[in-house]
Amino acid sequence: MNLSGNTVFITGATAGIGRGLAEAFYKLGNKVIIGGRRRALLDEVTGLNPGMEAIELDMTNMASIESAAAWLKAHHPTLNVLINNAGIMPFDDPSSELDDDVVQSVVATNLLGPMRMTSLLIEHLKAQAASTIIHNTSVVAFLPLATNAVYSATKAAMHSFTQSQRFALRNTSVRVIEVAPPWVNTDLIFKSDDPRAMPLDAFIDDTIAQLATNTDDIYVERVREILTHPRYTEYERVEARNLAMVDDPIPRH
Ligand SMILES: NC(=O)c1ccc[n+]([C@@H]2O[C@H](COP(=O)([O-])OP(=O)(O)OC[C@H]3O[C@@H](n4cnc5c(N)ncnc54)[C@H](OP(=O)(O)O)[C@@H]3O)[C@@H](O)[C@H]2O)c1
């Protein structure tokens with residue numbers, strides 16, 4: 001995609017990958033609008049990046065998504081890039097009873113939210129000369145983590161939705177890109193500085209570099225290694241990765 005001169009809206013940009021992408025697009029000469037629930041952080045990010053704008057947004061709430069989409073269309077008619085990034089990753093245990101509040105919030109944030117936001121903006125994006133939708137999924141869309149089963153399922157569902165949407169939009173001005181990050185050192189679980197987590201800056205740099213190409217599936221090197229490991233079947237890869245996590249789990253706090 002063209003990395004400058006766009007009007008970009010990023011959900012969940014008060015922290016982590018969303019904030020990193022927002023600041024990277026801002027530096028590249030794009031109009032950037034960020035969304036998220038925490039007003040103080042929205043103000044902090046826009047304060048540090050003059051000209052960047054923010055809107056309060058709760059991706060679990062349809063009225064909030066509708067109001068953000070309406071505001072974007074009214075105030076930013078040139079909007080041509082939507083980055084569905086907001087997400088949460090609570091732990092769960094699919095071998096026992098699931099906490100229904102947790103299930104509902106994960107599905108609402110990670111799956112219903114991006115589908116709803118995209119749906120409300122799709123006609124607007126189709127009317128632009130060149131638009132891009134970026135869905136931030138995860139390596140766990142392909143290789144589920146048993147300690148985060150509901151999260152993994154929402155990401156697999158978004159991977160599927162991305163492929164359908166890409167095909168359905170193939171003859172339009174809208175390109176659909178999937179970014180599937182590896183474990184990145186953010187607040188998503190706990191900013192642990194664990195050596196298995198990719199540093200945020202390196203992840204943003206690599207992702208931006210790949211967005212400049214015509215690749216529709218953005219996988220950094222460590223994701224490519226996981227997904228293309230020649231020795232194992234999918235089942236064996238899932239088993240091996242989860243056994244490794246049992247021996248050396250993701251720190252929870
Ligand atoms: N870090 C990783 O290892 C990793 C790996 C693969 C994929 N990802 C994906 O990358 C995306 C960003 O995660 P991150 O690692 O940057 O985590 P993060 O640092 O915790 O940031 C998550 C962002 O999502 C926003 N958010 C959460 N719930 C929201 C809601 N209901 N409405 C609106 N915004 C909401 C948060 O903003 P507010 O709290 O201010 O609303 C925050 O800005 C997620 O989709 C995640 O699944 C991350």
Side-chain angles (χ1 to χ4, degrees), residues 9-24 33-46 54-69 82-91 101-102 104-117 134-145 147-148 150-159 161-162 178-204 206-207 218-220 222-223 226-227 241 245 250-253:
F9 176 57
I10 310 184
T11 69
T14 54
I17 294 171
R19 178 173 177 168
L21 288 175
E23 292 181 329
I33 305 115
I34 59 173
R37 294 165 301 178
R38 288 171 289 177
R39 184 78 244 175
L41 286 176
L42 292 172
D43 291 344
E44 180 185 311
V45 179
T46 53
I55 180 164
E56 271 183 53
L57 167 69
D58 181 352
M59 290 293 276
T60 65
N61 181 319
M62 185 58 173
S64 174
I65 298 171
E66 282 172 335
S67 134
L82 165 65
I83 305 183
N84 273 315
N85 167 79
I88 54 171
M89 186 181 174
F91 288 92
D101 288 342
V102 173
Q104 289 199 39
S105 67
V106 177
V107 173
T109 310
N110 298 359
L111 181 58
L112 298 181
M115 287 180 177
R116 288 167 163 167
M117 182 62 82
I134 300 175
H135 295 300
N136 185 351
T137 63
S138 171
V139 65
V140 307
F142 310 92
L143 219 50
L145 269 184
T147 51
N148 304 79
V150 179
Y151 173 83
S152 301
T154 62
K155 294 298 184 173
M158 275 310 295
H159 168 66
F161 184 76
T162 302
E178 177 174 8
V179 174
W183 181 0
V184 180
N185 196 29
T186 70
D187 292 334
L188 187 65
I189 298 171
F190 164 51
K191 205 176 278 166
S192 56
D193 295 325
D194 189 297
R196 291 170 294 172
M198 185 169 182
L200 179 60
D201 288 353
F203 173 75
I204 297 295
D206 196 333
T207 299
I218 311 282
Y219 307 139
V220 299
R222 61 179 76 187
V223 172
I226 292 172
L227 296 185
R241 185 164 150 91
M245 288 296 182
I250 298 176
R252 298 186 179 211
H253 41 70

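The chain is numbered in sequence order, starting from 1. In listed order, ligands and their atoms are each counted from 1.
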- Query: Any donor-acceptor pair under 3.5 Å linking the side chain of Ser64 with the backbone of Asp58?
  - Reply: yes
- Task: Kindly write out the residues that satisfy side-chain contact (heavy atoms from CB on, under 4.5 Å) with Ala24, not counting sequence neighbours, or none if the list is empty.
- Result: Ile204, Ile208
- Message: Using a 4.0 Å cut-off on heavy atoms, what residues surround ligand 1? Order them by chain and number.
- Response: Gly12, Ala13, Thr14, Ala15, Gly16, Ile17, Gly36, Arg37, Arg38, Leu57, Asp58, Met59, Thr60, Asn85, Ala86, Gly87, Ile88, Thr109, Asn136, Thr137, Ser138, Tyr151, Lys155, Pro181, Pro182, Trp183, Val184, Thr186, Asp187, Leu188
- Query: Hey, is CG on Asp43 packed in by over 12 heavy atoms from elsewhere, all under 6.0 Å?
  - Reply: yes
- Closest approach of Ile55 to Phe9 (non-hydrogen atoms, all atoms of both residues): CG2-CE1, 3.8 Å
- Query: Is any NZ, NE, NH1 or NH2 atom of the basic residue among Arg19 and Glu44 found under 4.0 Å from an Asp or Glu carboxylate oxygen of the other?
  - Reply: yes
- Does Asn185 reach the main-chain N or O of Asp193 with its side chain, forming a donor-acceptor pair under 3.5 Å? yes
